[in-house]
Protein chains: 2
Amino acid sequence: MPGPRKPTADRVLDIAEALVQTRGYNAFSYADISRAVGVRKASLHHHYPTKADLGLALVSRYHAAFMGALSEIETKSDSPARRLERYTELYGSVLRRGRMCMCGMLAADVATLPKPMRESIAGFFTDNERWLTRVLGEGKKSGQIDFEGTPASMASFFVSSLEGAMLVARAGGNSEPFDAAVRHLMARIKLPASRSKRKP
Amino acid sequence: MPGPRKPTADRVLDIAEALVQTRGYNAFSYADISRAVGVRKASLHHHYPTKADLGLALVSRYHAAFMGALSEIETKSDSPARRLERYTELYGSVLRRGRMCMCGMLAADVATLPKPMRESIAGFFTDNERWLTRVLGEGKKSGQIDFEGTPASMASFFVSSLEGAMLVARAGGNSEPFDAAVRHLMARIKLPASRSKRKP
DNA sequence: GTCTATAGGCAGATAGAC
DNA sequence: GTCTATCTGCCTATAGAC
């Protein structure tokens with residue numbers, strides 16, 4: 001029982017999000033959304049007057065949803081290593097749907113985007129690194145995990161590697177580059193003693 | 001003394017390459033090239049009849065130039081670690097010019113590209129991984145370097161991480177994510193004994 | 001090889017009726 | 001909120017003269 005149908009504004013975001021994640025910001029149009037949602041182009045401008053408005057709404061919602069997923073990871077996972085693994089799984093689930101991280105996609109288009117969007121995208125990456133830095137730092141301090149370098153630089157490395165792995169995996173239509181990246185990243189996070197997992 | 005001016009076809013590729021690396025395939029037009037080269041739009045179609053033709057020529061030349069740079073690295077560098085460091089520097093020099101790796105950029109646009117371009121882009125990544133796999137494998141066999149996992153998976157991890165690091169660094173207008181990635185990657189390549197470099 | 005001229009289509013966006 | 005109708009501008013691409 002799906003309940004009452006979603007408001008048009010939300011359905012527009014759903015479609016636009018999928019289009020950005022698969023085609024990029026400069027390769028989708030109001031006409032594409034119009035077709036998919038079943039509403040005329042002009043009606044879309046009622047909800048999002050300009051494409052820049054739509055783009056900003058897209059990033060805001062994606063950012064908020066991602067942060068929500070991170071909170072849920074902290075609620076449901078206890079160990080730092082398990083939290084990191086779930087973090088990589090967040091990216092993996094996007095890739096398995098044939099999509100790229102929306103902000104990774106927009107990062108490629110960054111030179112063509114309005115300033116508010118650029119700032120929002122930078123904020124997404126900053127918040128991801130902040131969360132990872134905290135998880136890594138707490139884990140190291142408590143002795144549950146260990147790794148080389150600072151929590152901040154390892155956090156940055158996680159984000160960069162996962163984004164790049166999605167990009168390369170999608171380009172070749174093969175998930176192996178992504179799987180290899182996850183294995184290597186998790187192998188960098190050493191558990192206290194014996195129970196080190198499989199090798200990369 | 002610059003000698004005779006470059007043929008138009010080459011100058012078109014130079015401009016188009018810069019445009020793809022900064023804006024992406026779907027955010028540049030023949031009009032942009034026309035302005036920069038100083039030749040009318042219609043003349044461009046004489047050299048590259050369709051945008052797909054231009055795109056394919058772009059990838060072919062970039063691929064060949066990159067392979068040339070890899071050969072030069074092997075000629076001028078002796079140790080495997082030094083070769084890997086130079087490989088990362090290839091990406092760094094692109095980023096410092098405010099650009100993204102052209103094939104990384106096109107990887108984002110992959111769903112909108114004609115099939116021949118998609119195949120060429122995949123070939124670029126395959127050849128990069130092949131080269132890295134060889135350097136890593138020979139280095140490990142000779143005992144000059146050591147690392148976890150197979151040469152092929154580490155090669156894939158290098159490519160993914162460097163591509164992603166460029167993407168994230170460019171999005172934030174800050175080279176730190178890229179520098180962190182290079183430090184972490186090189187730290188994974190352990191030299192034989194004492195002279196391990198700076199920590200990441 | 002380069003030009004002028006132009007085709008045919010799609011982009012983002014607006015006005016105003018219902 | 002959704003519609004029809006329309007605008008303006010840019011897109012890729014072609015025809016044919018020089």
Checking dT14(D), dA13(D), dG12(C) against the side chain of A42(B) (C-beta onward), the nearest is dT14(D)

With the side chain defined as heavy atoms from C-beta on, K41(B) is closest, among dT2(C), dC3(D), dA13(D), to dA13(D)

In whole angstroms, the gap separating C1' of dC10(C) from CZ of R23(A) amounts to 13 Å

note: L44(B), atom CG; dT4(C), atom P; distance rounded to Å ~ 13 Å

N26(A) CG to dC10(D) C1', in whole Å, measures 14 Å

Neighbour count >12 (heavy atoms, 6.0 Å) for atom CZ, R11(A)
yes

Checking dC11(D), dA13(C), dG1(C) against the side chain of H46(B) (C-beta onward), the nearest is dG1(C)

note: I33(B), atom CD1; dC10(D), atom C1'; distance rounded to Å ~ 15 Å

Please tell me if S43(A) has a side-chain N or O lying less than 4.0 Å from either OP1 or OP2 of dC3(D). yes

Picking from dT12(D), dG1(D), dT14(C), the nucleotide nearest the side-chain atoms of H45(A) would be dT14(C)

Regarding the side chain of A31(A), the nearest nucleotide among dA11(C), dC11(D), dT2(C) is dA11(C)

Atom OH of Y48(B) and atom C1' of dG1(C) are separated, to the nearest Å, by 13 Å

All heavy atoms of M105(B) vs all of G24(B), minimum pair found to be CE-N, 3.7 Å

Tell me what S29(B) touches on the nucleic acid: a base, only sugar-phosphate, or nothing, going by heavy atoms under 4.0 Å.
sugar-phosphate

Per atom distances to the K51(B) side chain, the nearest of dT12(D), dT2(D), dA5(D) is dT12(D)

Rounded to whole Å, CG of D53(A) lies from P of dG12(C) at a distance of 13 Å

* Classify the ring geometry between Y91(B) and F66(B) as parallel (under 30°), tilted (30 to 60°) or perpendicular (over 60°). => perpendicular

- request: Dump the intermediate steps for salt bridge (charged side-chain N to carboxylate O under 4.0 Å, His left out) on E85(A) and R82(A), then the final yes or no.
  value: CA-CA 5 Å; E85(A) 200 165 37; R82(A) 183 76 189 109; 3.2 Å; yes

Atom NZ of K6(A) and atom P of dG1(D) are separated, to the nearest Å, by 16 Å

In whole angstroms, the gap separating P of dT4(C) from OH of Y30(B) amounts to 18 Å

Is K51(A) close enough and on-axis enough to Y30(A), meaning under 6.0 Å and within 45°, for cation-pi?
-> no

Considering only heavy side-chain atoms of R40(A), the closest of dA13(D), dC3(D), dC11(D) is dC3(D)

